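Okay, so here's the structure we're looking at.
Bear in mind the structure is a predicted one, so any value in this text is a computation, not a measurement. Throughout, a chain's letter reflects where its sequence line sits, starting with A, and its residues are numbered from 1.
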Amino acid sequence: MKKEIPLAITFISGVLLVLALFIPHKPFGNLEEIFNDWYIIVSGFTFLLGIDSLLGYNFGKLKRKEKDAPYALVLILSFFITLTWGIVEIVRTPEHNPFGPTSTFSLYFYNSIFIPLQATMFAILSFFIASAAYRAFRAKEINSALLLVSAVLVMLGRIPLGQSAAPYVITVIFLIFAVYFFAESAGVTEPKIKIAYILVALIFVALIYPLGFVYFRQHIPEFADWIMNVPQMAGKRGIMIGIALGGIAMSIRIILGIERTYMK
Amino acid sequence: MIELLKKLAGIDRRFIYAAVFLATAIPILTKATMKVEPLPEVRKAYEYIESLPESSVVMVSIDYDAASMPELQPMLEAFLHHSFSKNLRVIMLGHWPLGLPLGQQALEKVAGQYNKEYGVDYVFLGYRPGVAAVIINLGKDFRTVFSSDYAYTPIDSLPLMREVSNYKNVKLLLGLEAGAVGDAWVQYGYARYNLPIILGSTAVSTPDYYPYMQANQVISVIGGLRGAADYETLLGITGEASIGMLPQSVIHLVIIAFIIIGNIGFLVLRRAKK
């Protein structure tokens, strides 16, 4: 019974909600609203579970005197100070919402501690992104070279300085490729391949002016838009459709009781 | 020379961090602005809001928090300026509880500048848990989700809310998105109730929302700090986003320079190994 009851609840809820969508009349029509109300109420209680889990985990760290126990202590203290202050404000001014954004303490805590901390955490990302871009965007093969060139063009196309900087960036990139192919040709003994390498190098040099100084100087924003609207969107759509089909398959498995990992 | 070029493949990350810091801090301190040519999608969003009749009810969903504040707060403030200057009425709610005070502070600040009255010209509903369930039930009746506003005032005592029962009375939703709530707005708000939606998103989330724009499921997408700066330009105001354009441009160029330098080092190293 321990398994059968949850499975039955899941099956009945799932089937009823599917019916409610396709038969928007009584008694099914109201069901979705009722279920959603229940869902909203249950969602509220998940905060309690979250608090229980968070405190349990951090008290455990303190107990075991783990390396990062001081951080756990800061979290626990912050939690209880905020909670206590909230309760004190309820007692002092019952008509006032102590956890509302206009409460004096909450506002002070939010504006002076929470916002700077969270903004700082996120701002640190810019350092990591720059470092990661430097290390990851390497032209190791054709695919990664395409990714690298696309990334550079989108970055250029999306900034006001992009149009004026584009010719010089394109010149540098194309010169690097030209020098690379020219240097590669030196180590090749087969004449046809040698000529091919040199030709590719020359093509890169020849493209610098028409692409960099004529086309991209004028059209870099449109080109960045094209990358976003065509190749990027095609890939994104494929992923989204895949996720949606996967979601439907998983939902059917859960409703029918084939997928039971959520009960563990 | 070759040895020097090889070293370019392994620059110490502390040097990169220092370059990023300087490339961001110096332009920010100058507070210089740059002229931007608004992107077509931002212009489309602006024109849609322009076309709304006076007194229309628009809704804003605060689905971000302080981490995304630099990109989305200027967007929100620009939207509020636009709405109040056109005498649109604003209902604000949100799905990110920790971001809602940001929304409320901006709402009160901008509403004060236009002498707007709470309950008549704007309402702040606050937060209810359950994202998709909240969006679906709001489409049926706001009262099933919010019987009162954030300050426990019954919504039927607010003149603005007496005119609003569900999405049929709302001319536009602006979803300010730092995560996946925008998907829920499209999947439930638009798909089931035809709610007109403009999504304002962080630059990193923007590609996720482009398919909705191309499929006309949302009116438009305002993406990142650039989108916010474009919006400010269209409104003729100089806000935080416009000031952020120079640092953003410089940092993009610095990152591009590091990518190029890294590749020079990588190619030289690879050739040397051969």
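- In this structure, chain B has a heavy atom under 4.5 Å from the side chain of A:Phe122, while its backbone stays farther away.
- The main-chain N or O of B:Ala257 is never found under 3.5 Å from a side-chain atom of A:Tyr134 such that the two would form a donor-acceptor pair.
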**Message:** Determine whether B:Val134 and A:Asn36 satisfy the following criterion, side-chain contact (heavy atoms from CB on, under 4.5 Å), listing intermediate values before the conclusion.
**Reply:** CA-CA 8 Å; B:Val134 169; A:Asn36 279 339; over 6 Å; no

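- Interface with chain A: from residues 258-268 of chain B, residues B:Phe258, B:Ile259, B:Ile260, B:Gly262, B:Asn263, B:Ile264, B:Phe266, B:Leu267 qualify, criterion being any non-hydrogen pair under 4.5 Å.
- With a 4.5 Å cut-off on non-hydrogen atoms, A:Val152 touches chain B through its backbone and its side chain both.
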**Request:** Would you check, one step at a time, whether the test side-chain contact (heavy atoms from CB on, under 4.5 Å) holds for B:Met34 with A:Ile159?
**Result:** CA-CA 10 Å; B:Met34 295 183 78; A:Ile159 54 171; over 6 Å; no

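- Heavy-atom neighbours of A:Leu48 CG from other residues, nucleotides or ligands within 6.0 Å: above the threshold of 12.
- Residue A:Gln232 places its CD atom among more than 12 non-hydrogen atoms of other residues, nucleotides or ligands, all under 6.0 Å distant.
- Residues A:Arg135 and B:Ile16 are in side-chain contact: their nearest non-hydrogen atoms beyond the backbone lie under 4.5 Å apart.
- A:Leu161 contributes atom CG, which lies 10.5 Å from atom CD of B:Gln248 (distance to the nearest 0.5 angstrom).
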**Request:** Evaluate side-chain contact (heavy atoms from CB on, under 4.5 Å) for A:Arg158 paired with B:Thr206, printing each intermediate quantity in order.
**Result:** CA-CA 12 Å; A:Arg158 295 276 157 155; B:Thr206 303; 5.5 Å; no

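- Contacts between A:Ala123 and chain B at a heavy-atom distance below 4.5 Å are absent for every atom of the residue.
- Both the backbone and the side chain of A:Asn229 come within less than 4.5 Å of a heavy atom in chain B.
- Remark: A:Ser126 OG to B:Phe21 CZ distance equals 10.5 Å, nearest 0.5 Å.
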**Request:** Could you walk me through whether B:Asp208 and A:Lys236 pass the side-chain contact (heavy atoms from CB on, under 4.5 Å) test, one step at a time?
**Result:** CA-CA 7 Å; B:Asp208 294 347; A:Lys236 193 79 214 169; 2.5 Å; yes

